[in-house]
Number of protein chains: 2
Amino acid sequence: MAKGALSAKAPEERRELILRATVAVVRERGFAGTRVADIAEAAGTSQGLVLYHFGSLAGALDQALTLLEDEFYVDLEHDLQEQKGPIERLRHMAELGTGLGPAVGDWRLWLEIWSRALHDDDARETRESLDRRWRAALRDVIAEGVSTGDLRSTDVDGAVVRLASLMDGLAIQLALEDPVMTPDRFTDLWWEAARLELGMMTTS
Amino acid sequence: MAKGALSAKAPEERRELILRATVAVVRERGFAGTRVADIAEAAGTSQGLVLYHFGSLAGALDQALTLLEDEFYVDLEHDLQEQKGPIERLRHMAELGTGLGPAVGDWRLWLEIWSRALHDDDARETRESLDRRWRAALRDVIAEGVSTGDLRSTDVDGAVVRLASLMDGLAIQLALEDPVMTPDRFTDLWWEAARLELGMMTTS
DNA sequence: GGAAATCCTGAACAACCGTTCAGGATGAAG
DNA sequence: CTTCATCCTGAACGGTTGTTCAGGATTTCC
């Protein structure tokens, strides 16, 4: 009972365990600073196993990114569908900065993904599709609000891109802990921008 | 006439040459992908000289970042002071995305700086002070516009942070070449947001 | 013009890291 | 129980990279 320290009873679980460990390491050290040894240690396995399952370090990072993408979107969809009307959903989006969503609000990871996307085509496409889905969700909420008369907009496309981009920009200050930004201020600033864009009445 | 291939006649110029080469390499490969050998090759010198002047690779990167910070700000100030009134200056800011400013509009470098700031305290402070100056310039323009009556705002502080953050967010799409973004659209989107925030009349 | 400080090079060193590999352990199939 | 494919490990290999260093070239200072 010496070798094969951790039984091979559930290779599928083992794969996911390694991917989650990879995400944890990336969160801490960044994509560029993540080593195979770090992943193995965080997952409690050997370096060899990481390479056995994913072929290379780049493979492990790519798979981890894919896992992240799925979870980001699942989290967002799930959270949004809990809200009743368009105003409530919009408000919920404004509160993403407060760390409610388990994965969506992990802004440091977003910065990592952006910089990786600069030099890795796979990461670029992953980010792009993720942003497309995020903007589509925002567009749906706004379109619904316009149709119910709760919101007003003469340029829905423009409003969507502006509000989505504003959230990214605010997220940078939050991730880098700029003194001008706090989670509450993040929410307030974005909510005020949404009011300006979408003709909402005074704060409820 | 064999050794000392490049004469030591101007060590100060040589330092700057190396720093500019460093910036060029970072622009292409990113902070994490920049090697001492790359810098030496780009500068046309030896690896040893890079280390001689800056002590370490990290030292060279830090100094290059400082050089960038200075140039960013000098460029911005210079460009802005060429404009007559607050509206013109604001418009000029909106056009930063079109690549007019020689260094300011280099959005890929911004993404690099942000991700480096996540894991390097020096880079974090450099970015923070740079952002502070950039927001101060924006605030001055808005304050001037409000005082002359060209602009209206009930919340100058909020408008400044929102418009500065929006520019960062739009810059991300531009740097990553997202299909929804072009330099012209960047300008249009930010300009429209400024109009919404600052109560400007119809497009001139 | 000579000595000392500075500038610069190319090679060598040492550490790090991704990947490979031979083989042991485990679970499934027959 | 035997056999075979799969899962897993730990050590070793090879390439890359930051840094050091001895010494040559150049400039500065007297």
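A note on names: the letters A, B, ... follow the listed sequences, proteins ahead of strands, and every chain is numbered from 1. Note that this is a predicted model, so its numbers are computed, not measured.
- Comparing B/L49 and A/R35 against DNA chain C, the residue whose closest nucleotide sits nearer the 5' end is B/L49.
- Between A/Y52 and the phosphate of D/dC7, there is a side-chain N or O to OP1/OP2 separation shorter than 4.0 Å.
- Looking only at atom types and distance, the side chain of A/H119 has no donor-acceptor partner in the side chain of B/E28 under 3.5 Å away.
- Spacing between atom CG of B/L51 and atom C1' of C/dA12 amounts to 14 Å, rounded to whole angstrom units.
- Nearest nucleotide to the side chain of B/V36, out of D/dT19, C/dT19, C/dC8: D/dT19.
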I'd like a table of donor-acceptor pairs (distance under 3.5 Å, sequence neighbours excluded) in which one partner is a side-chain atom from residues 82-90 of chain B, with atom names and distances.
residue, atom, partner, partner atom, Å
B/E88, OE1, B/G85, N, 3.2
B/R89, NE, B/Q83, O, 3.4

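- Summarising the geometry, the separation between CD1 on B/I39 and P on D/dT19 is reported as 10 Å, rounded to the nearest angstrom.
- For the pair B/E13/B/L17, no side-chain contact is recorded, criterion being any heavy-atom separation below 4.5 Å from C-beta on.
- At whole-Å resolution of the value, CD in B/Q47 and C1' in C/dA12 are 12 Å apart.
- Under the 6.0 Å cut-off for aromatic ring centres, A/W191 and A/F186 do not qualify, their centroids lying 6.0 Å or more apart.
- Across C/dC7, C/dT19, D/dC7, the shortest atom-to-atom separation from the side chain of A/P11 is found for D/dC7.
- Protein atom CD of B/E13 is 11 Å distant from nucleotide atom P of C/dC8, rounded to whole Å.
- For C/dT6, the OP1/OP2 oxygens have no side-chain nitrogen or oxygen of B/H53 closer than 4.0 Å.
- Of the side-chain N and O atoms in A/R14, none sit less than 4.0 angstrom from OP1 or OP2 of D/dC7.
- A side-chain N or O of A/S129 and one of A/E69 form a donor-acceptor pair less than 3.5 Å apart.
- Checked against a 6.0 Å centroid threshold, the rings of A/F31 and A/W114 do not count as neighbours.
- In summary, the side chains of B/D184 and B/T182 do not present any donor paired with an acceptor at a separation below 3.5 Å, with no hydrogens or angles considered.
- In this entry the distance linking CD of B/E12 with P of D/dT27 reads 16 Å, nearest Å.
- Non-hydrogen atoms lying under 4.0 Å from DNA chain C are contributed by nothing in residues 56-66 of chain B.
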